[in-house]
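Values reported hereafter were calculated over all heavy atoms of this structure, with side chains retained and with hydrogens, waters and symmetry mates removed. The residues of the chain are indexed from 1 along the displayed sequence. Note that ligands are numbered from 1 as they come in the structure, with each ligand's atoms numbered from 1 the same way.
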Amino acid sequence: MGWSSHGRAHGLAAVFAVAVLVGAAIPCGLGAPTALAEQPPAPAPADAAIAIARLRAAVAELSSPQMEGRPAGGPGAERAARWIAARLAEAGVAPGGDPGPARPGEHEPGSPAGTGTDTAAPAGGAPALPLAPGARSYEQRFRFAWGVEVGPGTALAIGQPGGVAALVLGRDFRPLGFSANGEASAEIVFCGYGITAPALGWDDYAGVDAGGKIVLVLEGLPPLPSSGEPEDARRRAEALPRYGQLRYKAMNAREHGAAGMLVIAARPAAEAEGGAGEPELLPLGRTGMQGDAGIVAADLRRSVATGWRTAAGESVAELEQRIATARAPHSAPLQGVTAHLVVELRKEERETANVLGVLRGRDPVLAEQAIVIGAHYDHLGDGSLGGSLAAEPGIHHGADDNASGVAAVLELARVLAAAPPAARPRRTVVFALFGAEELGLLGSAHYVRHPLVPLQRTIAMLNLDMVGRMRKHRLHVGGVGTGEGLRELVERAAAGSGLSLSYDPEGFGPSDHSSFYARQVPVLFLFTGAHEDYHKPSDTADKLDYEGLREVTALALRLVRELDALAEGPAWRRTEGSPHGAAQARRGPSVYLGTIPDYAPAEGVHGVRLAGVRAGSPAERAGLRAGDVIVGLDGTEVRDIHEYTYALFARKPGERVRLVVLRDGERLELEAVLGRRGGEHAPAAPEGRPAGHP
Ligand code: BES
Ligand code: ZN
């Protein structure tokens with residue numbers, strides 16, 4: 001039997017925040033800046049064609065109970081994708097998804113996909129895009145890591161002088177979701193809380209040899225001695241949460257050469273569960289999806305271990321007590337206790353889809369270029385998979401987030417496709433309804449790897465995410481610093497609209513435009529602001545302002561028109577980060593390197609692939625570049641984003657760090673001097689969501 005984890009319980013928002021926190025911006029490499037030569041805009045479909053009733057109907061449908069909150073990988077999201085595809089078909093835009101099976105006689109065996117010429121002609125008889133043979137679907141399907149399951153090979157046996165006892169999976173132990181697959185057989189060393197934090201004056205590994213052993217560690221945080229000074233208190237408050245994480249403890253055990261790690265609940269936690277009862281073993285959901293820690297690791301029922309003794313006769317429970325009273329580590333090998341731990345975790349994948357429609361440009365030359373209009377259609381389902389801010393379970397309808405954006409994009413597709421041929425955009429327009437955004441921008445990350453029109457020829461991406469709660473005609477526009485002249489372009493588009501716009505230059509942010517910006521596509525991001533129903537079941541259709549949604553849609557239409565009127569696409573610009581700030585002081589560590597980790601996990605290697613480095617940052621001065629994969633920091637292996645943050649934030653501003661990076665298959669060592677966040681060239685991190693919402 002197996003336990004399922006619905007992964008991501010640790011909140012991608014948190015990882016996102018980290019990603020932003022540790023970085024921003026990409027070397028601007030491409031060509032000379034292009035001037036924004038303007039041409040008279042094409043006669044455009046009238047704003048009047050935008051139908052409030054259709055916007056309302058789309059939101060109502062997508063946020064209805066049948067859609068179950070549209071969780072990626074679930075039936076509700078499949079239903080939503082099919083409904084969206086049907087609307088695109090109805091609108092008369094051509095399918096831009098996966099090629100269907102080759103039609104007999106049309107497909108040369110062996111010819112690479114995507115090089116054939118398809119005849120999936122968009123409405124209006126415009127020449128077709130060069131597409132793969134066969135009828136296309138509207139769906140661009142992709143797989144994603146969804147969780148982990150415990151395989152039947154998983155076992156734990158404990159050897160003691162009296163004999164060997166096999167423990168019961170699920171009752172006595174359960175692997176941690178980030179455990180490596182494999183086995184370890186060794187003596188057990190008690191290593192306190194499993195923390196090495198020199199800056200805090202705490203090292204559970206001091207004086208014990210964990211090399212080749214299985215370490216036994218307590219969950220949570222030790223009672224640290226405190227100097228009582230405010231600076232000291234601040235440092236601790238900053239650093240401690242990370243040291244309490246089991247993923248950190250696994251990394252630390254591995255870095256001390258341990259062969260495996262067993263964790264038990266600490267006593268207060270055990271007592272909190274109600275005296276006699278023991279806390280439940282950690283569900284995989286709480287520990288899954290944090291990468292492979294490179295060491296086998298399992299949670300152990302506390303009472304199995306508390307009686308184990310050291311050579312001096314002290315029990316694990318007594319050692320724990322001693323740590324508490326002395327406020328100091330007290331680690332020791334256990335006498336004659338061995339463990340044989342075998343972990344078999346099966347990664348569970350699921351499938352979902354982006355829904356893509358394409359309207360071929362009317363200009364034979366410019367039609368080779370594209371404007372992408374995007375919105376994610378997935379949401380949080382019943383909230384059990386993470387991301388929810390609700391106290392109570394329930395379907396997260398996601399009317400604003402982001403049925404609103406989808407409704408707007410569908411309406412744009414309909415209006416643009418219905419326009420007389422002479423009023424159609426000169427360039428190709430791709431309508432992209434992304435899946436799995438809530439799980440970490442997965443759909444847009446997939447799209448930019450498999451774009452319908454190559455990204456070099458994608459002049460801009462316009463993202464609509466949460467555009468249904470306009471108040472007082474206020475609209476926020478992000479990304480205006482990502483392309484030359486973009487801000488002026490937005491001003492032109494909005495002239496006379498009565499909208500009151502606020503601008504943010506930043507190209508990175510908590511939605512799909514980020515994936516495009518990281519690939520050097522200029523982006524614009526429209527949203528009407530966060531609200532108290534955000535990521536709660538109460539984000540329902542009745543709360544939206546449909547007249548406001550119409551205004552946003554009308555502005556988007558004008559933006560498309562203005563973009564299409566440019567002789568050349570706006571030259572991509574890296575942004576210097578935006579002046580959000582206050583939140584950073586509350587939440588974040590103070591070191592600053594200036595790297596921007598890529599969202600998608602590095603394929604085939606352990607490490608952190610960089611989407612870019614911030615201009616003028618320590619990372620840039622150290623010579624780090626987009627595409628580099630960071631695999632080590634000061635002798636510590638860095639296997640993923642979690643480990644990167646642990647490694648980095650154990651350091652102080654001003655310290656020199658040695659970074660090991662892989663670049664084009666070579667291993668380089670670079671040296672960086674860490675900056676201070678908030679200091680020179682160290683923009684405070686955004687709050688993980690755009691600032692400026694009302
Ligand atoms: N729609 C939100 C982002 C957002 C928040 C836009 C507030 C406008 C105002 C998006 O669906 C989301 O929830 N993003 C995640 C981050 C993502 C990388 C998983 C978030 O903000 O936590
Ligand atoms: Zn959203």
Ligand 1 atoms nearer than 4.0 angstrom to some heavy atom of Glu437 are 10 (C), 11 (O), 12 (C), 14 (N), 19 (C)
Requested in this report: Using a cut-off of strictly less than 2.8 Å, determine whether Asp465 has an N/O/S atom near the Zn ion (ligand 2).
Outcome: yes
| request: Report the C-alpha distance between Phe142 and Tyr447 in whole Å, list the side-chain angles of each, state the deciding distance to 0.1 Å, and finish with yes or no for ring-ring contact (aromatic ring centres under 6.0 Å, His included). | output: CA-CA 9 Å; Phe142 59 94; Tyr447 179 88; over 10 Å; no
*Below 2.8 Å, any N, O or S contact between His376 and the Zn ion (ligand 2)?*
yes
Heavy atoms of Asp640 and Asp292 approach each other most closely as OD2-N, 4.4 Å
Quiz item: Strictly under 2.8 Å, is any N, O or S atom of Glu437 next to the Zn ion (ligand 2)?
Solution: no
For this session: Assess Arg56 against Tyr546: is NZ or CZ under 6.0 Å from the centre of the six-membered ring, and within 45 degrees of the ring's axis?
Result: yes
Exercise. Do other residues, nucleotides or ligands put more than 12 heavy atoms under 6.0 Å from the CZ atom of Arg79?
Worked result: yes
So the atoms of ligand 1 within less than 4.0 Å of a heavy atom of Leu441 turn out to be 18 (C)
Q. Thinking salt bridges, do Arg550 and Glu411 make one under a 4.0 Å N-O criterion?
A. no
Looking only at non-hydrogen atoms, the one of His531, His379, Glu438 nearest atom 19 (C) of ligand 1 is Glu438
Candidates Pro510, Gly387, Ser444, Gly440; heavy atom nearest atom 14 (N) of ligand 1 found on Pro510
Given the options Arg614, Arg574, Arg625, Glu620 meets salt bridge (charged side-chain N to carboxylate O under 4.0 Å, His left out) only with Arg574
*NE2 of His450: more than 12 outside heavy atoms within 6.0 angstrom?*
yes
query: Can you find a non-hydrogen atom of Asn402 under 4.0 Å from ligand 1?
result: no
Asp401 heavy atoms within 4.0 Å reach ligand 1 at atoms 1 (N), 2 (C), 11 (O)
Closest to the Zn ion (ligand 2), among the N/O/S atoms of Asp401, is atom OD1
Check: Any N or O of Ser511 that comes nearer than 3.5 Å to an N or O of ligand 1?
Finding: no
**Message:** Looking only at the aromatic ring of each residue, does the gap between the centers of Phe525 and Phe527 stay below 6.0 angstrom?
**Reply:** yes
Ligand 1 atoms nearer than 4.0 angstrom to some heavy atom of His376 are 11 (O)
